[in-house]
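The residues of the chain are indexed from 1 along the displayed sequence. All of these numbers come straight from a predicted model, not from anything done at the bench.
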Amino acid sequence: MNTNNSNCLIIFTRNPEIGKGKRRLAATVGDQVAFDIYKFLLAHTREITGNLNATKQVWYSERVHENDAWDNKVYDKYVQDGEDLGVRMENAFQEAFKNHDHVIIIGSDMHDMSQADLDHAFKQLKTNDAVIGPAEDGGYYLLGFTKKLIDGVFEDKEWGTETVLEKTLNNLKNVNYAMLEERNDVDYYEDIKDIPAFQPFLKNI
């Protein structure tokens, strides 16, 4: 385990299995195409995080895959723990804060994000208590804190709805936080239908 870096990136990922994950996308494009797109998004996430100056942790939804495409020499591996997304994220942060001062969490389905975005987010934590990246759908694609969580940030949220960002910003109103540029995450067919990188997956849709 790499503990000698003040920066830690938590990557939440679902164990890739056909018929699971990306259900809203699969409703339009079908299970196989949704699965192929998710694997493509996972590869993009590895591309933008592999060289990041941070300890990198992959948190799987169900079980750790030791010999998968996430290189064991680059990524520490954990299993998410908790009855809902908020509890799982809080538990991951608490684990990361044992050894790191600046901790950021992302999902693994953000094609609209680069390593430069992540570098910028960690830079913001040098002078702020928190950093947040708003998603177009009313949620967030990135959330980070310096040294400790802000009270309530993972409580009383209807995860996956358009109210998450607003309620989270309300939790941050009394601290210094940085707001990143809005980004588009991939949940629905409409999120990707006009993006060139996804056209090879959609040509038969």
Side-chain angles (χ1 to χ4, degrees), residues 8-15 20-29 34 37-38 41-42 44-45 48 57-62 79-97 102-114 117-118 120-122 124-125 128-195 198:
C8 180
L9 179 72
I10 297 169
I11 303 166
F12 260 34
T13 186
R14 181 180 291 275
N15 292 80
K20 295 184 178 181
K22 291 289 157 221
R23 304 314 302 149
R24 291 172 289 186
L25 178 62
T28 303
V29 304
I37 288 173
Y38 187 54
L41 291 168
L42 291 177
H44 175 73
T45 304
I48 66 171
Q57 301 178 348
V58 176
W59 288 74
Y60 295 84
S61 58
E62 297 175 18
V79 178
Q80 298 170 28
D81 177 39
E83 65 271 17
D84 73 9
L85 180 60
V87 175
R88 294 196 296 269
M89 288 195 291
E90 181 171 354
N91 288 336
F93 267 98
Q94 299 294 11
E95 178 66 29
F97 275 130
H102 309 292
V103 181
I104 285 173
I105 191 168
I106 62 171
S108 49
D109 57 359
M110 283 296 300
H111 186 260
D112 191 17
M113 187 161 59
S114 67
D117 292 326
L118 295 171
H120 177 66
F122 275 115
Q124 295 304 307
L125 286 180
N128 288 280
D129 301 308
V131 61
I132 189 167
E136 292 180 1
D137 62 4
Y140 55 77
Y141 62 86
L142 179 152
L143 187 65
F145 300 98
T146 297
K147 296 190 176 178
K148 64 183 180 68
L149 292 175
I150 305 303
D151 289 344
V153 75
F154 293 130
E155 300 170 4
D156 302 319
K157 306 292 188 298
E158 295 179 51
W159 301 107
T161 72
E162 71 279 359
T163 64
V164 171
L165 177 66
E166 180 183 359
K167 289 185 175 181
T168 304
L169 291 176
N170 192 51
N171 297 130
L172 301 179
K173 64 185 179 184
N174 294 322
V175 303
N176 294 321
Y177 71 90
M179 180 91 83
L180 305 178
E181 291 184 15
E182 188 175 76
R183 292 281 190 263
N184 173 42
D185 55 7
V186 177
D187 289 315
Y188 295 95
Y189 171 71
E190 288 72 23
D191 296 328
I192 62 173
K193 65 183 179 66
D194 298 321
I195 299 175
F198 292 98

Problem - His44 and His111 aromatic ring geometry - parallel, tilted or perpendicular at 30°/60° bounds - result: tilted

Fill in the blank from the handout: Sequence neighbours excluded, the answer for salt bridge (charged side-chain N to carboxylate O under 4.0 Å, His left out) partners of Lys22 is Asp109, Asp187

Exercise for the section: Please work out whether the ring planes of Phe93 and Phe154 are parallel, tilted or perpendicular, with thresholds of 30° and 60°. Expected result: tilted

Practice task
Looking only at non-hydrogen atoms, find the nearest pair between Arg24 and Tyr188 and report the distance.
Solution key: CD-OH, 3.2 Å

Handout entry: Atom pair CE (Met89) and NZ (Lys157), whose distance is rounded to the nearest 0.5 Å
Key = 9.0 Å

Exercise for the section: Please check if atom CG in Asp84 has more than 12 non-hydrogen atoms from other residues, nucleotides or ligands closer than 6.0 Å. Expected result: yes

Practice task
To the nearest 0.5 angstrom, please state how far the CG atom of Leu180 sits from the CD atom of Glu182.
Solution key: 11.5 Å

Practice task
Mind running side-chain contact (heavy atoms from CB on, under 4.5 Å) on Ile195 and Val186 for me, showing each step along the way?
Solution key: CA-CA 11 Å; Ile195 299 175; Val186 177; 6.0 Å; no

Exercise for the section: Show your working on side chain to side chain donor-acceptor pair (under 3.5 Å) between Asn171 and Thr168 and close with a plain yes or no. Expected result: CA-CA 5 Å; Asn171 297 130; Thr168 304; 4.9 Å; no

Exercise for the section: Return yes when atom CD of Glu181 has more than 12 non-hydrogen atoms of other residues, nucleotides or ligands closer than 6.0 Å, and no otherwise. Expected result: no

Exercise for the section: Given side-chain contact (heavy atoms from CB on, under 4.5 Å), test Lys173 with Asn170 step by step and report yes or no. Expected result: CA-CA 5 Å; Lys173 64 185 179 184; Asn170 192 51; 3.5 Å; yes

Fill in the blank from the handout: Value for OH (Tyr177) from CG (Leu125), rounded to nearest 0.5 Å, stands at 14.0 Å

Practice task
Just say parallel, tilted or perpendicular for the rings of Trp159 and Tyr140, cut-offs at 30° and 60°.
Solution key: perpendicular

Practice task
Compare every heavy atom of Ala178 with every heavy atom of Gln124, then report the nearest pair and how far apart it is.
Solution key: OE1-CB, 3.5 Å

Handout entry: Value rounded to 0.5 Å, distance of CG in Leu172 from CG in Leu143
Key = 7.0 Å

Practice task
Would you indicate whether the side-chain heavy atoms of Thr13 and Thr45 approach each other to under 4.5 Å?
Solution key: no

Practice task
Would you give the length of the straight line joining atom CD1 of Ile132 to atom CG of Leu169, rounded to the nearest 0.5 angstrom?
Solution key: 5.0 Å

Practice task
Would you confirm whether Thr146, through its side chain, and Asn128, through its main-chain N or O, come within 3.5 Å as a donor-acceptor pair?
Solution key: yes

Practice task
Return the minimal non-hydrogen interatomic distance between Ile104 and Ala121, and the atom names on each side.
Solution key: CD1-CB, 3.6 Å

Practice task
Check Glu62 against Val79 and note the closest heavy-atom contact, atom names and distance.
Solution key: O-CG1, 3.5 Å

Completion exercise
Value for CD (Gln94) from CG (Asp81), rounded to nearest 0.5 Å, stands at 12.5 Å

Problem - N/O donor-acceptor pair under 3.5 Å between Tyr38 side chain and Arg14 backbone - result: yes

Exercise for the section: List the atom of Leu165, the atom of Pro134, and the distance in Å for their closest heavy-atom pair. Expected result: CD2-CB, 3.6 Å

Exercise for the section: Among Ile150, Val175, Val103, find the one that has a side chain to side chain contact (heavy atoms under 4.5 Å, CB included) with Phe145. Expected result: Ile150

Exercise for the section: Looking only at non-hydrogen atoms, find the nearest pair between Phe122 and His102 and report the distance. Expected result: CE2-O, 3.5 Å

Practice task
Give me the ring orientation class for Trp59 and Phe12: parallel if the planes are under 30° apart, tilted from 30 to 60°, perpendicular past 60°.
Solution key: tilted

Exercise for the section: Would you confirm whether Asp185, through its side chain, and Met110, through its main-chain N or O, come within 3.5 Å as a donor-acceptor pair? Expected result: no

Exercise for the section: May I ask you to decide if Asn184's main-chain N or O and Asp191's side chain share a donor-acceptor pair within less than 3.5 Å? Expected result: no

Exercise for the section: State, with a plain yes or no, whether a side-chain heavy atom of Arg183 is found less than 4.5 Å away from one of Asp117. Expected result: yes

